[in-house]
There are 2 protein chains.
Amino acid sequence: MDAPDTRQRLVISAMQLFWEKGYGSTSIADLLKKADVNSGSLYHFFPGKQDVLLAVLDMYHAGIRQMLLDPAWQGVDDPLDKVFALLARYRQALVESDCFYACPIGSLALELHEPDAPVRERLARNFSAWTDAITECLEAAGTRLPLALDRRATARFVLTTMEGGVMLARTYREVSYFDGAVEQLKLYFDHLGRDAAAPASRSRRTPVRRKGRAR
Amino acid sequence: MDAPDTRQRLVISAMQLFWEKGYGSTSIADLLKKADVNSGSLYHFFPGKQDVLLAVLDMYHAGIRQMLLDPAWQGVDDPLDKVFALLARYRQALVESDCFYACPIGSLALELHEPDAPVRERLARNFSAWTDAITECLEAAGTRLPLALDRRATARFVLTTMEGGVMLARTYREVSYFDGAVEQLKLYFDHLGRDAAAPASRSRRTPVRRKGRAR
DNA sequence: GTCTATACCCTGATAGAC
DNA sequence: GTCTATCAGGGTATAGAC
């Protein structure tokens with residue numbers, strides 16, 4: 001428990017390096033140095049660099065509760081507050097890193113242009129675990145959201161907004177772009193809350209009118 | 001016009017390669033082969049590989065109308081239809097590439113973990129040109145959107161949604177994740193349209209109620 | 001399981017004749 | 001402006017003693 005074994009040291013170091021520098025820019029030499037491990041040991045545990053990445057992604061997946069959700073939801077009970085508390089966590093990561101990095105999974109997902117199937121599957125699994133957690137929040141919100149609302153689809157939209165917001169903030173190096181995305185999402189949720197408050201009554205079906213031909 | 005000169009051939013080839021394989025995975029050798037140019041010629045025009053990237057980003061920026069907006073808006077006049085027609089263009093790119101790639105700027109933005117200032121500025125400039133175009137559409141929509149709505153912030157949200165949706169679709173290799181993001185955005189716009197239809201009347205300020213402490 | 005030394009390749013970039 | 005040949009360096013991965 002105190003002195004982590006070699007394999008674990010490698011995975012933890014890799015997690016940090018991939019987060020800070022990305023996968024491609026992290027060399028085996030970087031990793032060996034950081035973990036204080038020799039080349040021979042690494043290749044004793046892993047067939048190659050990509051397999052270290054797989055282990056890292058598995059660790060993210062296994063630790064989503066302890067590493068991400070629990071800290072983000074410390075002292076937050078309301079399910080809808082939880083949604084935005086999680087987003088606030090990413091904001092914090094952006095601020096602390098001067099808008100360099102926030103979501104390690106998203107960064108890897110776009111860095112690796114043609115990831116092999118096992119990598120891609122693990123990225124997707126991480127995203128799914130994330131949306132599962134948000135879906136639970138939205139379900140726990142009960143009647144405060146429209147009954148007809150698709151909780152899972154909405155949860156995915158929260159992830160979409162987070163990842164998109166992070167991308168913009170990173171590119172502009174200004175956290176305000178992330179804030180803007182969250183603000184818009186909040187407006188959307190406010191609209192949903194209003195709909196739930198007036199359940200199925202009044203002028204539904206009054207979408208944005210189109211002048212030109214639709215589609 | 002017919003036989004593009006060497007420099008142009010390099011930039012066009014680079015644009016395509018960076019899109020397909022990413023910047024890091026495109027080697028100078030790849031580029032020379034594709035453009036049918038010799039090493040000496042490349043380094044005659046460009047100090048290094050990164051400067052080719054700068055030229056590519058400049059070309060995207062200069063050609064946003066001809067290369068992106070004009071084709072997307074072929075036969076579309078309604079300003080709000082234009083918003084979704086542009087998104088449909090990205091969907092098409094996803095479908096045609098089996099969800100491998102869609103937005104070259106976004107891909108580069110996340111691939112390059114710590115891009116040098118000139119690169120980052122050009123990425124940001126491209127995003128800004130994109131949101132400018134959408135902002136114009138939203139302004140042209142006039143009273144069909146709430147007067148109080150921040151057009152620019154909403155345009156950024158459209159970009160956020162597009163980029164986030166592309167990331168998810170790429171990761172899951174399923175265009176339905178992009179469709180889901182667009183669908184949610186459409187729902188949001190429908191809500192906005194309803195608000196505009198009932199201008200400033202009726203129960204504003206009925207956001208999602210919170211049970212726990214706010215913030 | 002751990003260590004050192006090293007093979008071998010591909011990278012971006014250069015030199016210098018034409 | 002174009003060509004060929006090549007450099008120096010860093011990349012992943014391996015070999016083989018301990």
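Chain identifiers are assigned alphabetically (A, B, ...) following the order of the sequence lines, protein sequences preceding nucleic acid strands; residue numbering begins at 1 within each chain.
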If you assign each of A/P47 and B/F45 to its closest nucleotide in DNA chain D, which residue comes earlier from the 5' end? B/F45
Could A/K49 and A/Y23 be counted as a cation-pi pair, given that NZ or CZ must be under 6.0 Å from the ring centre and within 45° of the axis? yes
Should A/K82 and A/D77 count as an ion pair when the cut-off is N to O under 4.0 Å? no
Expressed in angstrom and rounded to an integer, what is the separation of B/L32 atom CG from C/dA13 atom C1'? 11 Å
Whole-Å distance, A/K49 NZ to D/dG10 P, equals 16 Å
Geometric cation-pi criterion, B/R173 with B/F100: 6.0 Å, 45°: yes
Considering only side-chain heavy atoms of A/H44, which listed nucleotide, D/dT2, C/dG12, C/dT2, is closest? C/dT2
Distance-only donor-acceptor test, A/S39 side-chain atoms vs D/dT14 base atoms, 3.5 Å: yes
Mind calculating the distance between OH (A/Y23) and P (D/dG11) to the nearest angstrom? 14 Å
Can you check whether B/S27 has a side-chain N or O nearer than 4.0 Å to OP1 or OP2 of C/dC10? no
Nearest whole Å is fine: how far is D/dG1 C1' from B/Q8 CD? 17 Å
Give the rounded distance in Å between these two atoms: CG of A/N38 and C1' of D/dA17. 14 Å
Anything under 30° is parallel, anything over 60° is perpendicular, the rest tilted; go ahead and classify A/F157 against B/F157. perpendicular
Heavy atoms from C-beta onward define the side chain here; which of C/dC3, D/dT14, C/dG12 lies closest to that of A/S41? C/dC3
Below the 4.0 Å mark, does D/dA13 have OP1 or OP2 next to a side-chain nitrogen or oxygen of A/Y43? yes
Check whether any side-chain heavy atom of B/I105 sits under 4.5 Å from a side-chain heavy atom of B/L57, and report yes or no. yes
Could you tell me the separation between the CG atom of B/L31 and the P atom of C/dC10, rounded to a whole number of Å? 18 Å
Whole Å only: how far is the CD1 atom of A/I28 from the P atom of C/dA5? 19 Å
Have a look at B/S25 and say if it touches a base, only the backbone sugar-phosphate, or nothing, with a 4.0 Å heavy-atom cut-off. nothing
Atom-to-atom span, NZ of B/K33 to C1' of D/dT4 - whole angstrom: 18 Å
